[in-house]
Amino acid sequence: MLSVLQSRDSPWHLDEVLKACQWDDQALVATAGHGLTNHGLVETHESSRIDWRLGEEGLAAKNNGLLEKRIWDWLKTQEEPNMAGLSSHFGKQEAGPGIGLMKNLGVRINAGILVWDDDESIEETIVKRQNFIEEIHEDEEMISHFQSRKNLIEAQEIITRTWQITHSGKEMSTSELIEKEIVTDLSPELLQQDDWQDMAFKPFDVSLQASMPRTGKSHPMQALIERIRSIFLEMGFSEMVENYVQAAGWNMDALFIPQDHPAREMQDTFYLTNPEMIPVSDELTSTWKSIHETGGETDSVGWGGTFDENVSKKGLLRTHTTVNTIQYLHQKPTEPCRVFAVDRVFRKESIDRTHLPEFHQIEGIIMEEGANLPMLVNTLKTFYAKMGIDEVRVRPAYFPYTEPSLEIEVKWKGKWLELGGAGIFRPEVTEPLGCKWPVCAWGMGLERLAMLVLGLDDIRQLYISDLAWLSEQPVL
Ligand code: PHE
């Protein structure tokens with residue numbers, strides 16, 4: 001680069017240097033230029049200019065028209081445009097700021113009626129503004145106008161650099177320059193021999209500009225799931241993966257959730273039309289029936305009332321992963337186990353900042369001799385500690401299938417946040433399955449945890465393909 005720059009006195013642009021050096025990576029120019037500048041052989045000049053582009057509102061205005069344009073178009077269609085009409089046509093949110101804009105353009109309000117004198121000048125200003133938004137160009141007046149409005153246009157600073165040979169740079173005879181190999185990475189191979197002692201090393205310059213590498217990586221949510229998986233595997237658990245289409249009997253009856261429980265209603269659970277019914281053996285439904293009605297062979301008195309075996313066969317999207325836990329125990333009631341699942345569940349929630357109809361649970365059980373509440377609490381605390389969350393507490397809670405039941409809360413930014421439920425399965429649940437030992441069980445929300453770990457205040461961020469946000473996410 002030095003010998004190239006020596007060939008003329010005037011500054012060189014990036015493209016020129018790239019071409020003359022036969023390089024195709026601008027990082028090389030930046031690095032070499034920086035090195036030469038440090039040695040006083042070259043001078044780097046930086047200039048910056050502002051480029052304007054559309055902000056969020058600007059993009060909307062480009063597609064739908066500026067607010068004043070839409071109001072103006074509407075005004076022109078009205079015989080006697082009034083405030084009430086404007087509010088009902090544009091809604092409160094737009095009518096307020098809209099009338100401000102119109103007043104600035106010369107529209108007045110006369111006893112609720114909108115009046116103006118000069119059609120032409122209003123029209124002209126609006127057309128000019130709309131044209132500007134449709135194609136941003138150098139126009140001082142428009143830029144200063146839109147700068148004063150929110151999110152319509154945004155400034156972007158563009159920095160250009162040029163490199164120019166200095167006096168001492170010119171003096172430097174390139175034939176005196178020696179090409180020398182310098183080591184940039186100290187590898188284990190190098191260290192195994194003695195040669196490294198005579199080598200020249202490239203010093204690090206952490207002040208250098210560099211571009212962010214844009215490589216593929218796991219979605220933060222997927223990365224988090226992987227991390228949770230490896231924590232449970234490390235703690236000696238094995239994973240279960242199961243279908244989310246299930247019969248209500250497994251999702252609810254087997255868990256001693258009464259048939260008139262509100263969570264069973266259509267407005268809370270997604271029932272399926274295909275398959276509308278899922279076969280469940282008569283043996284199971286009659287066991288559930290007797291447990292629910294009278295407590296069956298357990299010491300319980302059950303819920304009373306009449307149990308409907310057809311309800312057990314209704315197909316649904318599982319509302320919790322506990323449905324799979326219970327099936328696991330049904331298959332292996334006498335083998336001590338530690339199993340977990342991180343999987344999707346469905347509930348009819350309306351979507352907002354903290355709710356989605358489709359989300360994930362972190363589910364797990366421990367069945368073994370002497371399994372008890374302290375063991376359960378310790379396991380959960382250990383899990384959260386491994387996730388980097390040290391302040392965890394439990395509070396008494398209620399679930400139809402556990403006793404005692406508890407809620408798990410973690411401290412986040414000074415507040416206690418509820419992350420899930422847990423408890424020891426009731427005899428009504430475990431006895432009919434023939435479980436040999438007490439079962440500690442839990443089910444915790446994954447998205448909530450993700451919000452904490454990733455510092456989000458809106459859960460939806462996890463499921464929209466916001467590339468800018470995704471590329472900024474740390475590798476978990
Ligand atoms: N299934 C419960 C829920 O969805 C959580 C839970 C699991 C509670 C296991 C106790 C035992 O909220």
Side-chain angles (χ1 to χ4, degrees), residues 228 232 235 237 239-240 242-244 246-258 261-265 267-270 316-330 337-349 354-368 371-381 383-384 392-410 416-431 433 435 437-451 459:
I228 293 169
F232 277 110
M235 287 167 71
F237 284 75
E239 185 170 5
M240 50 181 176
E242 267 300 334
N243 203 329
Y244 47 71
Q246 295 287 347
W250 282 114
N251 194 82
M252 289 135 173
D253 300 328
L255 287 161
F256 199 51
I257 300 177
H261 194 284
R264 292 194 180 232
E265 302 289 312
Q267 65 264 26
D268 286 317
T269 298
F270 290 106
L316 49 70
L317 293 180
R318 70 175 166 216
T319 62
H320 52 184
T321 37
T322 318
V323 60
N324 302 116
T325 303
I326 200 70
Q327 284 168 314
Y328 181 93
L329 289 173
H330 173 64
C337 68
R338 293 178 166 225
V339 288
F340 78 101
V342 185
D343 229 330
R344 231 178 327 163
V345 298
F346 307 82
R347 288 182 200 171
K348 270 198 183 169
E349 304 267 13
T354 53
H355 292 95
L356 292 171
E358 204 180 309
F359 56 100
H360 291 77
Q361 284 188 328
I362 310 168
E363 174 92 14
I365 47 166
I366 301 178
M367 172 169 73
E368 61 191 41
N372 56 23
L373 203 61
M375 178 189 264
L376 171 63
V377 175
N378 268 330
T379 306
L380 297 175
K381 285 194 169 167
F383 166 73
Y384 283 115
V392 181
R393 73 174 185 192
V394 294
R395 304 203 309 162
Y398 173 76
F399 300 99
Y401 35 97
T402 48
E403 180 59 38
S405 305
L406 47 93
E407 238 154 46
I408 312 142
E409 296 186 326
V410 302
W416 288 104
L417 282 174
E418 197 221 303
L419 282 193
I424 303 208
F425 277 146
R426 295 178 69 97
E428 289 92 332
V429 175
T430 51
E431 278 185 25
L433 301 174
C435 288
W437 295 289
V439 182
C440 301
W442 60 86
M444 305 176 297
L446 173 64
E447 277 76 1
R448 276 269 183 107
L449 182 63
M451 287 174 81
I459 205 168

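For clarity, every value in this text was computed on a predicted model and none was experimentally measured. When a ligand or atom number is given, it counts from 1 through the structure's own listing order.
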*Using a threshold of 4.0 angstrom between heavy atoms of the protein and any atom of ligand 1, which residues qualify?*
His320, Thr322, Arg347, Gln361, Phe399, Tyr401, Thr402, Gly421, Ala422, Ala441, Trp442, Gly443
*Before accepting this row, confirm whether a basic side-chain N of the pair Arg395/Glu418 lies closer than 4.0 Å to the acidic partner's carboxylate O.*
no
_Could you walk me through whether His320 and Tyr401 satisfy the ring pair (Phe, Tyr, Trp, His ring centres under 6.0 Å) test, starting with their C-alpha distance in whole Å, then the side-chain angles of each, then the deciding distance to 0.1 Å, before giving a yes or no?_
CA-CA 13 Å; His320 52 184; Tyr401 35 97; 5.8 Å; yes
*Take the angle between the ring planes of Phe237 and Phe340 and call it parallel below 30°, perpendicular above 60°, tilted in between.*
perpendicular
*Among Ile408, Val342, Thr321, side chain to side chain contact (heavy atoms under 4.5 Å, CB included) partner for Met444*: Ile408
*Under 6.0 Å from the OH atom of Tyr244, do we count more than 12 heavy atoms belonging to anything else shown?*
no
*Looking at residues at least two apart in the chain, or sitting in another chain, which of them share a side chain to side chain donor-acceptor pair (under 3.5 Å) with Arg347?*
none
